[in-house]
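The shown structure was predicted, so the numbers you read here are calculated from the model rather than taken from an experiment.
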Amino acid sequence: MTAPDAVERYYDAWINRKGDMTHVPLAEDFTFVGPVGSFDSPEGFRAMAAQFGPIAQDFTVRHQFSDGDLVCSIVEWHLPQVPGTTTAAELLTVEHGALVRAEVIYDGEQLRKVAAG
């Protein structure tokens, strides 16, 4: 699987499968880094995506750039409890057809406030 194919499956899972990452090729040592949570295993990430995916609305990939196995996407989504649109940059690294790292960069202050209750 090529890097674009792996990334396409990743965003298809967010956009069309409500965060179900079952068919997304994640490496055994996959890591996810974000402003609200980080995960060092595919299982931890899949569990988070399964919770976050159903509440994220209008998930969209606005722009995407690639350099070999590194893909940078500008994405956005809405959450019912968070005012406005969240816009983020996401860096995805693919090796041997599987995602090995995802880093999402955005201001997570509003989401942390909602999560804190």
Side-chain angles (χ1 to χ4, degrees):
M1 178 174 299
T2 66
D5 292 337
V7 170
E8 182 177 338
R9 284 192 185 187
Y10 176 79
Y11 287 118
D12 180 63
W14 283 122
I15 295 167
N16 299 310
R17 302 183 187 284
K18 299 188 184 296
D20 177 358
M21 297 287 163
T22 304
H23 300 292
V24 176
L26 301 179
E28 289 181 24
D29 60 347
F30 175 80
T31 58
F32 175 88
V33 178
V36 177
S38 297
F39 303 91
D40 60 3
S41 72
E43 297 80 17
F45 171 74
R46 284 188 172 114
M48 177 280 295
Q51 290 179 332
F52 181 78
I55 61 172
Q57 300 172 355
D58 302 320
F59 194 104
T60 305
V61 178
R62 288 180 40 193
H63 300 286
Q64 196 168 77
F65 312 93
S66 62
D67 183 13
D69 289 339
L70 178 65
V71 177
C72 177
S73 304
I74 307 301
V75 297
E76 62 186 22
W77 63 85
H78 303 278
L79 295 176
Q81 308 89 338
V82 176
T85 300
T86 300
T87 301
E90 185 164 35
L91 299 168
L92 300 171
T93 305
V94 180
E95 292 179 2
H96 309 292
L99 292 163
V100 295
R101 179 175 166 83
E103 179 179 5
V104 64
I105 304 162
Y106 66 94
D107 181 355
E109 181 179 353
Q110 290 295 325
L111 185 54
R112 282 191 297 275
K113 286 179 184 177
V114 169

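Heavy-atom minimum distance, Pro42 versus Glu28: CD-O, 3.5 Å. Pairing each heavy atom of Leu26 with each of Ala98, the nearest pair is C-CB, 4.2 Å. Smallest separation of non-hydrogen atoms from Gly19 and Ala49: O-CB, 3.3 Å. Across all non-hydrogen atoms, the minimal contact from Val24 to Tyr10 is CG2-CA, 3.9 Å. When all heavy atoms are compared, the tightest approach of Lys18 to Pro54 is O-CD, 3.3 Å. Here the closest heavy-atom approach between residue Ala6 and residue Gly97 is recorded as CB-O, 3.8 Å.
Evaluation of the ring-ring contact (aromatic ring centres under 6.0 Å, His included) rule for Phe39 yields no partner, not counting sequence neighbours. Scanning for side-chain contact (heavy atoms from CB on, under 4.5 Å) contacts around His96 gives an empty result, with sequence neighbours left out.
A distance of 13.0 Å separates CZ of Phe45 from CG of Asp40, quoted to the nearest 0.5 Å. In this structure, CG in Leu79 is found 10.5 Å from CG in Asp58, a value given to the nearest 0.5 Å. A distance of 13.5 Å separates OG1 in Thr87 from CD1 in Ile105, rounded to the nearest 0.5 Å. Here the OG1-CD1 distance, from Thr60 to Ile15, works out to 6.5 Å after rounding to the nearest 0.5 Å. For the atom pair Trp77 CH2 and Thr85 OG1, the distance stands at 10.5 Å (nearest 0.5 Å). Residue His63 holds its NE2 atom at 11.0 Å from SG of Cys72, rounded to the nearest 0.5 Å.
When the side chains of ILVMFWY residues are joined at heavy-atom separations under 4.5 Å, either directly or via intervening members, Val7 and Leu91 end up in two distinct hydrophobic clusters. Note on Val36: it clusters hydrophobically with Met21, by side-chain heavy-atom contacts below 4.5 Å among ILVMFWY residues.
At distances below 3.5 Å, not a single donor-acceptor pair connects side-chain atoms of Arg62 with backbone N or O atoms of Val75. Using a distance-only test at 3.5 Å, with no hydrogens or angles considered, no donor-acceptor pair links the side chain of Arg101 to the main chain of Phe32.
Atom CD of Glu8 has 12 or fewer neighbouring heavy atoms from other residues, nucleotides or ligands inside a 6.0 Å radius. With a 6.0 Å radius and a threshold of 12 heavy atoms from other residues, nucleotides or ligands, Asn16 has its CG atom above the threshold.
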List the steps, then state whether side chain to side chain contact (heavy atoms under 4.5 Å, CB included) holds for Glu76 with Thr86.
CA-CA 5 Å; Glu76 62 186 22; Thr86 300; over 6 Å; no

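Applying side chain to side chain donor-acceptor pair (under 3.5 Å) to Glu90 and the options Trp14, Tyr11, Tyr106 leaves one that passes, Tyr11.
Side chains of Pro4 and Val71 form no contact here, defined as non-hydrogen atoms less than 4.5 Å apart.
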